[in-house]
Amino acid sequence: MTENPQTRAAAGCPMEQASETFRPFEHQGMYEFLASVRGDVPIFFAPEIDYWVVTRRADIEKIMPDADRFSAELATQPVFPWPDSVGRYLEGRNFSNEAVQVACDPPRHTRIKKSAAQFLNIRQFMSYEDAIRDLVRGYIERMRGQEEIDLVEALTYELPAQVVFLLLGVTDFDPKKIKAWGDLRLHMIWGDPNEHDLDTAARDLADFWDYTVDLVEARKVSPQDDYPSKLLALRDGDDAVLTENEIKSLIFGLLIAGHETTTNAAGNLLLELLRRPNQWQAIVDDPSRAKNAVEEGLRYVTSVVAWRRQTKEPVTVSGIDLPKGAKVLLSLASANRDPAKFDEPEMFDIRRKNAQEHMAFGRGLHHCAGAPLARLELRIILEELTTAFPEMALVDDQSINFTRTLSFRGPNQILVRPCG
Amino acid sequence: MVQFTFIQPDGTRNTVYATPGMSVMETAQHNGIGGIIAECGGSMACATCHAYFDADTIAKIGASEGNEHEMLDFAATPRSEHSRLSCQVEVSEVLEGAEITIPDSQV
Ligand code: HEM
Ligand code: FES
């Protein structure tokens with residue numbers, strides 16, 4: 001049986017209350033909110049953003065892989081459309097980035113994924129393990145001797161970007177540029193930016209696109225052992241495999257996909273561990289626990305809290321009829337704490353047996369292509385930090401702040417005393 | 001219904017009744033068998049549904065081919081000649097009595 005949302009809303013039911021209470025960009029209190037609605041409200045409408053929010057794992061698990069009925073094309077579109085001036089500016093800068101992976105549907109997605117997966121796969125990623133460990137150790141050396149540091153600034157912000165550059169065959173990237181280019185990028189699409197931020201962000205975006213174009217052109221002339229060279233070799237001049245612009249777009253997209261997602265995942269995980277010194281100590285005592293701790297971190301405080309789809313035909317979700325074209329926000333944060341899947345879901349426990357069954361990386365054909373790399377980075381960070389600073393402790397009484405975006409959650413700063 | 005057995009890395013055995021037409025991965029998930037993670041939901045993009053099939057069964061259902069064969073290179077636990085992606089194996093009569101061993105790690 002299906003229910004009319006208007007009738008329910010008029011009755012002042014929990015669904016209407018959820019609509020009113022939900023703050024899509026506010027991470028403070030998000031989990032408490034989700035826990036309070038999940039039981040009664042599997043789906044509700046969020047008027048501020050014009051999306052239907054889905055809260056239960058069982059529904060999300062069905063929707064994500066269902067490319068026949070749910071399109072992913074809006075996944076990277078701005079939540080609030082940009083003014084025309086931004087489009088004109090980007091056009092003037094020859095910004096020709098196109099949707100190639102996370103925001104396109106089959107058969108296009110299938111074709112492109114086939115090539116991308118030749119490089120973005122666990123075997124390839126594992127070959128970077130030593131290089132990533134060296135990078136992490138380099139950051140750790142610079143932390144030594146300091147009484148107080150911000151872990152985000154000292155390690156987790158830059159590292160994942162440097163790792164993406166490793167995949168691109170770039171080992172001398174200027175860290176200051178990472179910050180400059182990264183700062184507004186996500187805010188521009190998933191946030192609620194003001195005009196000034198948008199202008200700056202558009203300029204940064206276009207600068208990064210230029211960098212991507214130059215990189216691909218350089219690899220055409222002298223190929224290396226890296227992702228762009230691999231894509232160019234697979235293409236072998238054949239547009240039916242991949243066009244050059246698609247390759248540039250894949251390279252461009254990789255930094256966006258692999259940077260803050262992982263920065264935030266590392267920040268979230270470290271924060272939860274340091275809040276529970278006995279669990280930090282458990283990893284100090286036995287570093288082989290790092291692997292499952294990473295999974296529990298991804299479950300308990302995922303960095304991609306929500307991901308988007310749009311209906312391609314009328315569908316019914318948990319009894320609510322959605323028309324064709326309805327925009328749907330899938331709360332991965334909620335799915336990861338659904339008691340239908342996890343016992344005592346509100347507890348953070350690095351020994352949890354089924355932690356790896358979280359949905360932090362999505363589900364289905366778009367399932368995160370970088371998941372094994374993210375896991376590797378997070379594990380190495382934990383192993384190296386617990387070894388170098390077994391006594392690390394949070395600085396007392398700090399307030400933890402999150403950037404306001406629809407999809408991404410991670411602390412802006414984590415102040416610690418490395419030696420306790 | 002077809003009957004076969006999942007064997008966990010620690011030796012625990014679970015025998016299940018499976019519906020022909022479903023995949024072995026779906027059967028595992030349906031029966032709450034741990035260790036078949038199947039993150040990509042059967043679209044052959046993750047290799048987290050890797051499993052080892054006993055020799056007789058592999059002889060009957062055939063070894064992996066094509067994309068599945070390539071993807072198995074990316075499994076977290078090294079493949080063997082008995083490896084298949086369980087999302088690509090359809091339940092049918094030939095699986096009667098099969099023993100399907102779950103690898104140590106999928107991620
Ligand atoms: C902990 C860190 C990360 C999280 C939580 C994460 C999460 C996600 C999510 C939720 C999706 C969309 C899934 C869907 O639509 O069903 C996705 C897609 C993707 N991710 Fe990640 N990601 C992370 C790190 C990375 C890294 C390090 C890379 C690469 C260097 C990466 C590359 C990609 C790519 C290429 C896609 C698109 C796949 C496709 O559409 O075929 N991600 N990720
Ligand atoms: S479920 Fe992902 S490859 Fe089988």
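Every chain is numbered from 1 and lettered A, B, ... according to where its sequence line falls, protein lines coming before strand lines.
- Using a 4.5 Å cut-off between heavy atoms, R363(A) touches chain B through backbone and side chain atoms alike.
- With a 4.5 Å cut-off on non-hydrogen atoms, K353(A) does not touch chain B at all.
- Atom SG of residue C46(B) and atom CG of residue L365(A) lie 12.0 Å apart, to the nearest 0.5 angstrom.
- N121(A) places none of its side-chain heavy atoms less than 4.5 Å from the side chain of M71(B).
- Shown here is D225(A), whose CG atom has no more than 12 heavy atoms of other residues, nucleotides or ligands within 6.0 Å.
- Atoms CD and NZ, from E70(B) and K114(A) in turn, are 6.0 Å apart once rounded to the nearest 0.5 Å.
- Of the two parts of E61(A), neither the backbone nor the side chain holds a non-hydrogen atom closer than 4.5 Å to a non-hydrogen atom of chain B.
- Heavy-atom neighbours of H82(B) NE2 from other residues, nucleotides or ligands within 6.0 Å: above the threshold of 12.
- The line from CZ of F74(B) to CD of Q118(A) is 6.0 Å long, rounded to the nearest 0.5 Å.
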Could you give me the CA-CA distance, side-chain angles and deciding distance for Q356(A) and T48(B), then say whether side chain to side chain contact (heavy atoms under 4.5 Å, CB included) is met? CA-CA 11 Å; Q356(A) 61 176 336; T48(B) 64; over 6 Å; no

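- Environment of CG in D130(A): sparse, with no more than 12 heavy atoms of neighbouring residues, nucleotides or ligands closer than 6.0 Å.
- If you measure heavy-atom distances from Q124(A) to chain B, you find no contacts under 4.5 Å at all.
- Between the side chain of K291(A) and the backbone N or O of V107(B), at least one donor-acceptor pair lies under 3.5 Å.
- For CG of D343(A), the number of neighbouring non-hydrogen atoms (other residues, nucleotides, ligands) closer than 6.0 Å is 12 at most.
- Looking at A47(B), there are no atoms closer than 4.5 Å to chain A (heavy atoms on both sides), in backbone or side chain.
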